[in-house]
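Take a look at the structure set out below.
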Amino acid sequence: MDCHPQELLISVITEIIAGDHHVAVGAASPIPGCAALLAQLEAKHRMDVTILHSRRENRFTDGARELFDIASQGRIDTFFLGGVQIDGAANINLVRIGKKAETGRRFAGSFGSALMYFVVPKVILFREEHSPRTLVEKVDFISAPGTSPKNVYRPGGPYGLVTGRAVFLFDRKAGRFKLISLHPGQTLEKVIDATGFRFDYSTSVPQTPLPTPARLSLLRQTVAPKVYKFYPEFTKRLYPDIGAQLGDGS
Amino acid sequence: MGPAVQSVKQMASSVPDGALVGVPADYSGVPMAVTRELICCEVRDLNLFCLPLTTIQGDMMIGAGCVKSIEAAAVTLGEFGRAPQFTRAVGQGKIEMLDSTCPALHAQLQASEKSVPFMPLRGILGSDILSQRPDWKVIENPFSETGEPIVVLPATLLDVSIFHAPYADQNGNIWIGRRRELATLAHASKRVLVTVEEILDEDFFESEARAAGVLPAFYVDSIAEAQNGAWPCGLQDLYEPDSEELRYYAKVAKSEEGFSDYIRSRVFHQDEVA
């Protein structure tokens, strides 16, 4: 079965979160959102999924602060963060490219990252664009730091980084990423060239496994129609026929 | 006597220049009808406090020159891209941006709910959010034996909160459902202005199921009926965001001319829009 590059990313994330218990997905994260719902369908254990962007997949009843309260308590295992820049020490920047506000290129803002990165045990960094522009030696603005001094309360932090080219794990003690797999069509050299920071790797890096046909059909037939309700633009780009299939005429 | 019932126009004109105004996020209850009237009556120098982010509402108000500063965890058009007027205004130094993070905005209002001077919050240490917020402090946790640092945030008391909700009852109680952050906004605000889809001829406290989703009238200063008052944002399960309109805004508001045309057609001639 042919697999779209974004379907591969969804599958990679599904694999990483397969054993987790409460997976939460924040704003503007359709690929992690698809992965969380897919992992929940595949799971043999109880897995709770919260998708902030959705009404039905969001069961909070105590207001928008509830996510942050339960994350601080350790009730969320897994969360996703991105960045307009991510650096080799896993610092993330969601604010601007450029050191100064007046001359920099402004982006949306830090959302909940400055708390979530500290308290959620397994934070998966996700950035589809893998280039020296996005993966930099040092971020221009720290929305949330990758690591903290010992006296800072920090049960959580970065687990790994998934991009459009590769998968990395983060070593919190060393404060460095290690390359663990390359997506189809990528080579170690290409990934080194496209990455603005230095990272660890072994000489033979395996290829990222493709999704099984069973996983792909679960994604296309069951997950996509659910996600279409709260990420219509994304879902229409990935599955252009989905509106017609669901009979809404769009 | 309950809250005053006003027109949207009267409500907007009661917001003074320079006020610290609390507004909700796109998933909550964005008062877009009031926003259009605020632009119409040329309110100036507002300090927007977003709980915890803003989308088209903040972007339109910034573009129309209503905003002096904005405190938010994000200003964005979400799936439709960056907020063009916000991006431009920050670049030109026309507004002051107070970068925050979602739980900090909630916590600063929660401090006001309890009328305590500050609220501690985990995380944030080592970020540039913290280094650019002289109003935030780091203290040593007084209950820790290891000298653990923790961020403390000042209580924020809003001059006025404005939001849109599905219904009010005959006594001015507001049905917000599970959008409890709207209650947080109200609790931490000197004045509370609410638009609703409809004022219903009933008493929400007759039924416990209804009452569970209510913001009581004693927090509320005035109510205005505004059908589709959150458009083009969505409202709970009453209506979805209008993707076509939001996509259109994201496109035209990139240029000054496109933005001015948009404001002219949607704000100053809004009666002509279906």
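These values consider heavy atoms only, across backbone and side chains, with no hydrogens, waters or symmetry-generated copies. Letters A, B, ... mirror the listed sequences (proteins, then strands); counts begin at 1.
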- prompt: Based on non-hydrogen pairs under 4.5 Å, which of B/Val90, B/Leu125, B/Leu77 is most in contact with chain A?
  reply: B/Leu125
- request: Measure the CD-CZ distance between B/Gln132 and A/Phe141 for me, rounded to the nearest 0.5 Å.
  value: 4.5 Å
Region of A/Asn93 that comes under 4.5 Å of a non-hydrogen atom in chain B: neither
message: I'd like to verify something: which residue of B/Thr184, B/Asp99, B/Thr146 has the highest number of heavy-atom pairs under 4.5 Å with chain A?
response: B/Asp99
message: Minimum heavy-atom separation for A/Gly112 and B/Pro103, please, with both atom names.
response: CA-CD, 4.0 Å
message: The test is side-chain contact (heavy atoms from CB on, under 4.5 Å); show your working for B/Glu240 and A/Lys229 and say whether it passes.
response: CA-CA 10 Å; B/Glu240 293 297 318; A/Lys229 288 191 185 138; over 6 Å; no
- prompt: CZ of A/Phe68 to OG1 of B/Thr101: how many Å apart, nearest 0.5 Å?
  reply: 6.5 Å
message: Between B/Arg180 and A/Glu66 (salt bridge meaning N to carboxylate O under 4.0 Å), is one present in this structure?
response: no
message: Which one wins on heavy-atom pair count under 4.5 Å against chain B: A/Gly63, A/Ser113, A/Gly109, A/Ala108?
response: A/Ala108
query: Hey, mind stepping through B/Glu181 and A/Asp62 against side-chain contact (heavy atoms from CB on, under 4.5 Å) and telling me if it holds?
result: CA-CA 8 Å; B/Glu181 62 279 351; A/Asp62 208 13; over 6 Å; no
field: Salt bridge present between A/Lys99 and B/Asp128 (N-O < 4.0 angstrom)
entry: no
message: Once rounded to the nearest 0.5 Å, what's the spacing between atom NE2 of A/His53 and atom OH of B/Tyr27?
response: 11.0 Å
task: Name the member of B/Thr87, B/Asp237, B/Asp26 that forms the most heavy-atom pairs with chain A at distances under 4.5 Å.
output: B/Asp237
message: Counting only non-hydrogen atoms closer than 4.5 Å, does B/Gln236 touch chain A with its backbone (N, CA, C, O), its side chain (CB onward), both, or neither?
response: backbone
- prompt: Roughly how far, to the nearest 0.5 Å, is the CZ atom of B/Arg179 from the CZ atom of A/Phe60?
  reply: 10.5 Å
query: Would you say B/Gln92 has more than 12 foreign heavy atoms packed within less than 6.0 Å of its CD?
result: yes
message: Taking atom NZ as the centre, does A/Lys122 end up with more than 12 heavy-atom neighbours from other residues, nucleotides or ligands that are less than 6.0 angstrom away?
response: yes
query: Any donor-acceptor pair under 3.5 Å linking the side chain of A/Glu102 with the backbone of B/Gly93?
result: no
query: Relative to chain B, which segment of A/Pro149 carries a heavy atom at a distance below 4.5 Å: side chain, backbone, both, or neither?
result: neither
- request: Please determine, among A/Ser110, A/Pro30, A/Ala64, A/Ala144, the option with the most heavy-atom pairs under 4.5 Å with chain B.
  value: A/Ala64
query: Within a reach of under 6.0 Å around CZ of A/Arg198, are more than 12 heavy atoms found that belong to other residues, nucleotides or ligands?
result: no
message: Under the criterion side-chain contact (heavy atoms from CB on, under 4.5 Å), I'd like the reasoning laid out for B/Leu53 against A/Phe111: C-alpha separation, chi angles, the key distance, then a yes or no.
response: CA-CA 8 Å; B/Leu53 53 90; A/Phe111 293 91; 3.8 Å; yes
- prompt: Looking at side-chain heavy atoms only, is the closest gap between B/Pro149 and A/Asn151 below 4.5 Å?
  reply: yes
message: To the closest 0.5 Å, what do you measure between CZ (A/Arg65) and NE2 (B/His106)?
response: 8.5 Å
task: Can you see which heavy atom on B/Glu79 is nearest to which on A/Phe234, and at what distance?
output: OE2-N, 3.0 Å
field: Rounded distance [0.5 Å steps], CG in A/Leu94 versus CD1 in B/Ile129
entry: 8.5 Å
query: Could B/Arg122 and A/Phe118 be counted as a cation-pi pair, given that NZ or CZ must be under 6.0 Å from the ring centre and within 45° of the axis?
result: no
field: Over-ring placement of B/Arg82 relative to A/Phe107, 6.0 Å and 45° cut-offs
entry: yes
field: Flag, side chain of A/Arg154 to backbone of B/Gly123, donor-acceptor distance under 3.5 Å
entry: no
query: Counting heavy atoms not belonging to A/Arg75, are there more than 12 under 6.0 Å from its CZ?
result: no
query: By a 4.5 Å heavy-atom criterion (distance strictly below it), what part of B/Ser100 contacts chain A: side chain, backbone, both, or neither?
result: backbone
query: Do A/Glu233 and B/Arg247 have side chains that get closer than 4.5 Å, going by heavy atoms?
result: yes
